[in-house]
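Just so we're on the same page: letters track the sequence lines, and every chain starts at 1.
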Amino acid sequence: MTAMIEIEKLTVVFGSGSLRVAAVDDFTMRVDRGESFGLVGESGSGKSTVLRAVCGLAPAAGGSIAVDGKPVPTPRDRAFYSTVQMVFQDPYGSLHPRQTVDQILSEPLSIHRLGDQDRRIAAALGDVGLGPSFRFRYPHQLSGGQRQRVAIARALILEPKVLLLDEPTSALDASVQAEILNLLERLRAEHGLTYVLVSHDLAVVTHLCGRLIVMRNGKAVEETDAPRLRAGETASPYTRELMQATRGFTRASQTTE
Amino acid sequence: MSAPLLEVDNLRVSFHLRTGTVEAVRGVSFALGRERLGIVGESGSGKSQTGRAILGLTPPPGEVRADRLTFDGIDLLKASKRQLRDLRGGRMTMVMQDPKYSLNPVMTIGAQMIEAYRAHVRAGKAEAREKTLDMLAAVKLRDPARVFSLYPHEVSGGMGQRAMIAMMLVTDPDLLIADEPTSALDVTVQQEVLRILDNLVAERGMGLIFISHDLRLVSSFCDRVLVMYGGKVMEELAAGDLDAARHPYTRGLMNCLPALEGSSHPLPVLERDPAWAQ
Amino acid sequence: MAETHSPARRPTWREWLTDTEPASRGQARLGRAYLAWRSFTGNPLAMVGLFIVVGLVLVAIFADVLATHSPIAGGDLRTERLKPPSAEFWLGTDHQARDIYSRLVHGSRLTLMVVMLVAVIAMPVGLIVGTVAGYVGGWVDAVLMRVTDIFLAFPRLILALAFVAALGPGIENAIIAIAITSWPPYARIARAETLTIRKSDFIAAVRLQGASTARIIARHVMPLCMSSVIVRVTLDMAGIILIAAGLGFLGLGAQPPSPEWGAMIAAGRQHIIDFWWVATMPGIAIFIVSLGFNLLGDGLRDVLDPKAAK
């Protein structure tokens, strides 16, 4: 099986001098074609920065990134963007507030000079489970879950091979989260997509992904997979701590103060 | 416990807008002793408006009605503005979701806490300072004196929320309403903050209302859980009996969460029946 | 059963406009405009402002019909000079025996022209400079904003005076001078808005679609900056009218005998004690129109500016 995304010793640095922070430090990751791969960590762990570096929103200071067997060009070209697309965390911030769903979805089509816009937009909306009645609404007329569906439709309309998902459900209610997770799972099967899912929630990642990397302070802590996690085989105490937190609040440790 | 700390009977919150009246809370009743009560629901279920209405923080043009809304025998709907102000921030307080927005950005954390304390308790500056430092230590901030002199933007989310809890508890309140107090925090920080909250509530014998959309978290933290949908209480049950929940909505909320141990593919989707809210 | 076979009722215009499921781009836009209009009409002061501004436009269009006398040619200098308001001369006559009412009516054209030309010149300049500086950043931002700062550092009237002195007096040069001095605040506002917009995820999303910088600025950033700039321009209109009148008053704007309101006040100033109406009538006109633009601007801000909305 060939690799869809290969990241070798990636380093991303923000600021300079005494303010220099390595958001991602010597990070290596290999995602196979058609795989769903997870990145888990807390805020500041660099997990989102990895995604942003892949698609050119964050500058790579060192290391190499290859997508579909080819090193990525800087700046990224149109061909790259029709291979890799991203879904953002906050469905309230990722849709232009003054554009209708129709405008939001037609923009990528006109940038890439794709014809047959009507059919493509209707198909993309149908794909994410939104009927034609949503096509001319503004984002403020949609719920959080519906907005995230529109964001997913926008990412899919260029028919990419890779979808980068940056905490796609963490701003949503638990019940809506289930709907979006199901949708993502169905879309991956239907379109043969490769996913990289970033989340702070181990349960979400193990639900959607096979293999995953736990990150902390810009470094990979542990590379593991869902079956091993379920069996409780973890190499690092940090991963165990994350697993514990995912299960809910535990009162047991209060005696150790 | 003899009389409950807080009694809410048939609480209704409605907003009169130009486009019509929106009823956010439609007849919620419960009694709270010195215990941990969780209110769970999706966004728009009226859980936050319930908490706000108790504190008299319903934003205009909202209207609050209730057959009974009493705190320790005081009728909150008939109390004077002054009386309410003394209660609010004094004997009943609230912790909000994001400390970044609930702390004043141009005052140090210490100065804000002293002000909050002296607004309700007659105390000298030195005494207030001491009390504040004690409180910052009680929320397990490593260096209370340093945090005391920091501005809100200089602390991390977890520290900010701990400082917020310290500020809200400095007046020794009897009732604390926490509205999604940890959902802006990282999961491991969330555990620490909850543990602190848990200990303080237990030590001081406070009543706590914990509002959240996360049923798993609430059920593991609280004694009792109210499940709300469409402004109404669907089900009230002891946290331990969650597996025995009868209402399809409660069961739906439980089942739609992916679990580490493995969950079904696709996840069961929550069924919502508008008839429940009728 | 008969119920189901009856033809569907045609929706009223109102229902069509407030439909939450619009069926076309046009309907979505109109629906949005209709809601904005409804919230605008809910504000009585804004409606007063709109009424005044629309009134100004109508008066300017129909000046020839509305005027009772010629605005330029005076009457009999011996008998019709400096007459108080009467049935013949509604607002009196000036020292050249010209009907003040007719001059005010024709003067509205000059005022409207100043206002519109300044808006047409200054607004796009400010918008482009501000959004480009804010979005591109780096040295482009530094250069553009220092130029803006230089223009901001001069008092507006003084800079306008300098331009008019260099270019020669006249209404066209006055307009150019005012336009040149009024774009910097719009650039500032547009830049500040752009700085908050450029970091948002929806801009990152269009970048990820491969959109060029020019496309992002023109199609995604500018529409969002537009509303606050429009509000600011409307609120500035009063000031622009006053500067135009001020230049006219100093003899550097519109030249005699054109019926510019500021020049009319200047002409009436020698007679202000004995013949108060000559200077007062154009003063009242300036006052009403300035007030109208200010009220309109406040109303627009409530409708357009999301930050001012509750």
With only heavy atoms counted, which part of [X] is less than 4.5 Å from chain B, the side chain, the backbone, both or neither?
{"X": "A/Thr206", "value": "side chain"}
{"X": "A/Leu172", "value": "backbone"}
{"X": "A/Arg186", "value": "neither"}
{"X": "A/Leu181", "value": "side chain"}

Do [Y] and [X] meet the salt-bridge criterion of a basic N to acidic O distance under 4.0 Å?
{"X": "B/Lys232", "Y": "B/Glu23", "answer": "no"}
{"X": "B/Arg204", "Y": "B/Asp172", "answer": "yes"}
{"X": "A/Glu35", "Y": "A/Arg211", "answer": "yes"}

Interface moiety of [X] toward chain A, non-hydrogen atoms closer than 4.5 Å:
{"X": "B/Leu194", "result": "both"}
{"X": "B/Ser264", "result": "backbone"}
{"X": "B/Glu42", "result": "both"}

Quiz question: by atom type and distance under 3.5 Å, do the side chains of A/Arg240 and A/Thr234 form a donor-acceptor pair? yes
Among A/Glu179, A/Glu185, A/Gln177, A/Gln244, which residue has the highest count of heavy-atom pairs closer than 4.5 Å to chain B? A/Glu185
Value rounded to 0.5 Å, distance of OH in A/Tyr92 from CZ in A/Arg147: 5.5 Å
From B/Glu192 atom CD to B/Met159 atom CE, the distance as rounded to the nearest 0.5 Å: 11.5 Å
Minimal heavy-atom distance between B/Leu208 and B/Leu32, with the atoms involved, is O-CD1, 4.0 Å
Relative to chain A, which of B/His213, B/Glu261, B/Arg216 shows the most heavy atom pairs under 4.5 Å? B/Glu261
